[in-house]
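Lettering of chains follows the sequences in order, A, B, ..., and the numbering in each one begins at 1.
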Amino acid sequence: MNIFARIAAALDGLLNDMVQAGELPAGLNRAAVTVEPPRDPAHGDMATNAAMVLAKPAGTNPRALAELIATRLRALPDVEAVEIAGPGFINLRLVRTCWEAELAAVHEAGENYGRSTMGEGVNVNIEYVSANPTGPMHMGHCRGAVVGDALASLLQFAGHQVTREYYINDAGGQVDVLARSVHLRYREALGEEVGEVPEGLYPGAYLVPVGHQLATHYGSRFVDAPENEWLALFRETAVAQMMDMIRADLALLGIHHDVFSSEAALQAAGKPEEAEQWLREHDLVYDGVLEAPKGETPEDWEPVELPLFRSTKFGDDQDRPIKKSNGSWTYFGADMAYHFQKAQTADQLIDIWGADHAGTVKRIQAAVAALTEGKVRFDVKLVQMVRLLRDGEPVKMSKRAGNFVTLADVVNEVGKDVVRFTMLTRKADAQMDFDFAKVVEASKDNPVFYVQYAHARIASLGRRVQETFPDGLPAVDSTLFGPEELDLVKQLATFPRVVEAAANAREPHRIAFYLYDLAASFHGWWNLGNDQPERRVIVAGDPALTAARLHLSAGIGQVIRNGLALMGVKALEEMN
RNA sequence: GGCCCCGUAGCUCAGCCGGAUAGAGCAUUCGCCUUCUAAGCGAAUGGUCGCAGGUUCGAAUCCUGCCGGGGUCGCCA
């Protein structure tokens, strides 16, 4: 239990005592009562809003109630001072041994410091990436991949059972296009002059080897054969190889999914039919005709009767077709069944989507709400687009000739850790720029560098201290800490809170911001030693002080490593 | 036209399930250092939190309506 939760629990117990003593009515809802660090550290170590929240339902005023609570808080052994301020805040200051103990707890827990049981083992399925298996990963997929993966790690660390899943869209028209593109490369491999790849087919050279392989394997038997004889075979072969490429690309980023689900397999197993039947029985699917979209009507608009899901019952603007007029499933129809399937084994679902699919969020949430009867928490996290820049100039990309920036290109240029960290330096639903020059810049305004630099400085201490104190150091005496050192410990102590809050909000970027703040505090502390050698971590001639400061530094390093681990970034031992 | 996201300092962005004088980096200005604890350090200036209402003891945060930017819009994935 972290230090804030511990004080919150003590407060809760003390409120119970007040009920017993008749100072508070029984049965008050305490859900809104918080214990958190105040915005201004001058107010103390922690603040609670208990008096303000409970005063009205208790029929008293905040200041009077605060007095009663404060009296009991003062009796707690961890509490050094209590003050009432503003409209009824209760500010408390903890005894310093609390913080000394917290630093010890960082060392004791090590890589587990910050781990939480908040998730209570709840089973969360998080689906991310799910790029179409028609080519290598490009930068458009990158952000969602990193955000999804970091969120998965974060939820795990916060006590959830996490499944990382990838949905392979191997059943739609695009994979047929892929198969036809491969057929062209297959003919090419057999010596045919194919010239320029026709419009509408995938031009990328990455399909050449697939064509070669098919040519080697099957010879010329499919060259002039009708499409129905080779389409499925070519499609499956191509998809399998594209997925190998995608897995390799993801591996470059350190991403490994637990489950790969195939849309084709889902359909072959009759899952969409099952979902449809269940929905029809509950009058949530009916056969109907949609109105033409408002605004401009498409020229080729023809009213058709289709099986429609009543998503309007769940807040969508329009009911949505689950099958096309040719009888095959729409993407939504299959996706609905897919989510239904995921909900069989998971307590909560999360999808990470590109913002270009924002328009379809309501219908899938409606479908999940319908099929699970509202029992499964389901979040769709939208990840906004990333603009690629080189020295401030937008990187030109044309889809033609496969001239797009691939994920592999970027990772090879700036490195996995830089890509991952940078993708987490904005909240997911805000657009961001990725400038090749800036992300590798060695300066204070590059958070990647700044955090890594802090860790490298700490790591350097371990190497250097042996030169200064070859005979070793005495045991740690944390009573030697001054206010600056204690402030750093207090900042470390908020890490478990940040983890829980970030997991709860499904916002992994908060870890990155926390680490940046922590690094900034560390650098500030470190810089005190610039003009005052006695303020350095390693103080020649003072082994006791050195031991204490080294202990704190190592604690900071530990928390930085733990945060970076959640982001999937390796901490550097030295800068190069 | 509908829907979704965003709108906070000159710029790029944080702001934790509403909380006490709204934060950081860059830029600007002013000092310091020119170092071997490495690619600077310290400080100051700077904001009607897009606008207008509403809910609340209390709103950048929640609700409604506008304005501006981006995205998306029948059976594509």
Side-chain angles (χ1 to χ4, degrees), chain A residues 31-32 34 36-40 43 47 49 52-53 55-56 61-62 85-89 91 130-132 134 169 171-175 263 289-298 300-304 306-308 316-318 320-335 354-362 382 384-385 425-433 438 441-447 449-450 453 456-457 460-461 464 494 497-498 500-502 504-505 507 509-510 512-514 516-517 520 523-524 526-531 533 535-538 574-575:
Chain A
T34 60
E36 50 194 5
R39 182 167 308 191
D40 185 348
H43 291 143
N49 60 356
M52 290 182 293
V53 171
K56 199 171 188 184
N61 74 72
F89 284 101
N91 296 325
S130 300
N132 287 333
T134 55
N169 302 135
Q174 301 203 4
V175 283
E263 180 184 3
V289 180
L290 284 176
E291 287 175 21
K294 297 193 175 69
E296 48 186 297
T297 305
D300 58 345
W301 173 266
E302 282 175 29
V304 201
L306 294 169
L308 300 175
D316 201 357
D317 333 295
Q318 205 176 31
R320 304 292 175 177
I322 60 172
K323 276 186 178 174
K324 308 179 196 174
S325 51
N326 68 8
S328 65
W329 294 99
T330 62
Y331 182 82
F332 170 61
D335 203 27
D356 51 341
H357 292 109
T360 62
V361 171
K362 278 189 180 175
L382 294 179
Q384 282 287 349
M385 21 188 11
T425 54
R426 291 279 179 278
K427 61 183 174 198
D429 43 18
Q431 298 178 22
M432 82 173 209
D433 290 345
K438 283 192 177 161
E441 196 175 275
S443 74
K444 190 173 181 176
D445 57 324
N446 179 5
F449 168 80
Y450 206 51
Y453 187 27
R457 275 183 158 171
S460 78
L461 291 169
R464 248 192 306 254
T494 64
R497 283 189 89 240
V498 171
E500 290 189 352
N504 211 26
E507 292 184 343
H509 75 277
R510 292 190 194 186
F513 282 92
Y514 170 81
Y516 182 78
D517 288 342
H523 287 303
W526 177 281
N527 287 331
L528 292 173
N530 279 343
D531 355 276
R535 304 292 305 260
R536 297 184 176 185
V537 176
I538 298 174
E574 53 188 328
M575 311 304 286

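Rounded to an integer number of Å, the gap from A/E263 CD to B/C76 P is 11 Å. The separation between A/Y514 atom OH and B/G25 atom C1' is 19 Å, rounded to whole Å. Residue A/D356 contributes atom CG, which lies 11 Å from atom P of B/G71 at whole-angstrom precision. The CD-P distance, from A/E441 to B/C26, rounds to 11 Å in whole Å. Rounded to a whole Å, the CZ atom of A/R320 is 12 Å from the C1' atom of B/C75. Between A/Y453 atom OH and B/G25 atom P the separation is 17 Å, expressed in whole Å. Look at CG on A/L382: it is 12 Å from C1' on B/C3, rounded to the nearest Å. Atom pair A/D335:CG and B/A77:C1' shows a separation of 10 Å (rounding to whole Å applied).
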Test log, rule side-chain contact (heavy atoms from CB on, under 4.5 Å), inputs A/T494 and A/Y514: CA-CA 9 Å; A/T494 64; A/Y514 170 81; 3.4 Å; yes
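Side-chain atoms of A/T330 come within 3.5 Å of backbone N or O of A/G333 as a donor-acceptor pair. Between the A/N527 side chain and the A/H523 main chain, a donor and an acceptor come within less than 3.5 Å of each other. Of the possible polar contacts, none joining the A/N132 side chain to the A/N169 backbone as a donor-acceptor pair under 3.5 Å is found.
A/R457 and A/Y453 form a side-chain donor-acceptor contact under 3.5 Å, judged by distance and modelled atom types alone.
For the atom pair CZ (A/F89) and CE (A/M52), the distance works out to 4.0 Å, reported to the nearest 0.5 Å. Interatomic distance, A/L290 CG to A/L306 CG, rounded to the nearest 0.5 Å: 7.0 Å. In this structure, A/Q384 CD and A/D356 CG are separated by 9.0 Å, a value rounded to the nearest 0.5 Å. For the atom pair CZ (A/R535) and CG (A/N530), the distance works out to 12.0 Å, reported to the nearest 0.5 Å.
Side-chain to base pairing of A/D517 with B/A24: no donor and acceptor N or O lie closer than 3.5 Å to each other.
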Please write out each protein N/O paired with an N/O of nucleotides 7-17 of chain B under 3.5 Å, distance rounded to 0.1 Å.
residue: B/U12; atom: O2'; partner: A/R426; partner atom: NH2; Å: 2.7
residue: B/A14; atom: OP1; partner: A/K427; partner atom: N; Å: 3.1
residue: B/G15; atom: OP1; partner: A/H509; partner atom: NE2; Å: 3.2
residue: B/C16; atom: O2'; partner: A/R510; partner atom: NH1; Å: 3.3

Check nucleotides 30-35 of chain B for protein N or O atoms closer than 3.5 Å to its own N or O atoms and list the pairs.
none

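For A/T330, the listed nucleotide lying nearest its side chain is B/C76; candidates were B/C76, B/C41, B/C4. Of the candidates B/A38, B/C75, B/C5, B/C75 carries the atom nearest the A/L306 side chain, counting heavy atoms from C-beta on.
By the salt bridge (charged side-chain N to carboxylate O under 4.0 Å, His left out) test, A/D517 is found to be paired with no residue, residues two or more places apart in sequence or in another chain being considered. Listed by chain and residue number, A/T34 satisfy the side chain to side chain donor-acceptor pair (under 3.5 Å) test with A/N49 (two or more places apart in sequence, or in another chain). Residues meeting the ring-ring contact (aromatic ring centres under 6.0 Å, His included) test with A/H43, sequence neighbours left out: none.
Distance noted for atom C1' between B/G10 and B/U29: 14 Å (whole Å). With both ends at atom C1', the span from B/C73 to B/C57 equals 44 Å, rounded to whole Å. The C1' atoms of B/C41 and B/C36 are separated by 16 Å, rounded to the nearest whole Å. Nucleotides B/A52 and B/A60 are separated by 13 Å at their P atoms, to the nearest Å. Nucleotides B/U56 and B/U72 place their P atoms 41 Å apart, quoted to the nearest Å. As rounded to the nearest Å, B/C16 and B/G53 have P atoms that lie 25 Å from one another. Here the separation of B/C13 from B/A27, taken at their C1' atoms, is 15 Å to the nearest Å. Here the separation of B/G15 from B/G54, taken at their P atoms, is 28 Å to the nearest Å.
Across all strands, A/A355 comes closer than 4.0 Å only to sugar-phosphate atoms, never to a base (heavy-atom distances). Nucleic acid contact class of A/N169 (heavy atoms, under 4.0 Å, all strands): sugar-phosphate only. Nucleic acid contact class of A/V304 (heavy atoms, under 4.0 Å, all strands): base. Counting any heavy atom pair closer than 4.0 Å across all strands shown, A/V53 reaches a base atom. Among the heavy atoms of the strands lying under 4.0 Å from A/G173 are primed sugar atoms or P, OP1, OP2 only; no base atom is included. Base contact: A/F449 has a heavy atom under 4.0 Å from a base atom. Using a 4.0 Å heavy-atom cutoff across all strands shown, A/V498 reaches no nucleic acid atom at all.
A/Y516 does not qualify as a stacking partner of the B/A24 base, lacking a centre-to-centre distance under 5.5 Å together with planes within 30°.
Taking the charged nitrogens against the carboxylate oxygens, A/E507 and A/K427 have no contact shorter than 4.0 Å, which rules out a salt bridge.
Residues A/I322 and A/W329 approach most closely at O-CE3, 3.1 Å, considering heavy atoms. Of all non-hydrogen atoms in A/H509 and A/R426, the two that sit nearest each other are CB-O, 3.5 Å.
The side chain of A/K324 places an N or O atom within less than 4.0 Å of a non-bridging phosphate oxygen (OP1 or OP2) of B/A77. For the pair A/R457 and B/A39, the criterion of a side-chain N or O lying under 4.0 Å from OP1 or OP2 is met. Using a 4.0 Å cut-off, no side-chain N or O of A/Y450 falls inside it from OP1 or OP2 of B/G25.
In this structure, A/K56 and A/D317 both approach RNA chain B, and ranking their closest nucleotides by distance from the 5' end singles out A/D317. Each of A/L290 and A/N446 was matched to the nucleotide of RNA chain B holding its nearest heavy atom; the match closer to the 5' end belongs to A/N446.
RNA chain B contains the following stems of three or more consecutive Watson-Crick or G-U pairs, with both distances under 3.5 Å: B:1-7 with B:67-73, B:10-13 with B:23-26, B:28-32 with B:40-44, B:50-54 with B:62-66.
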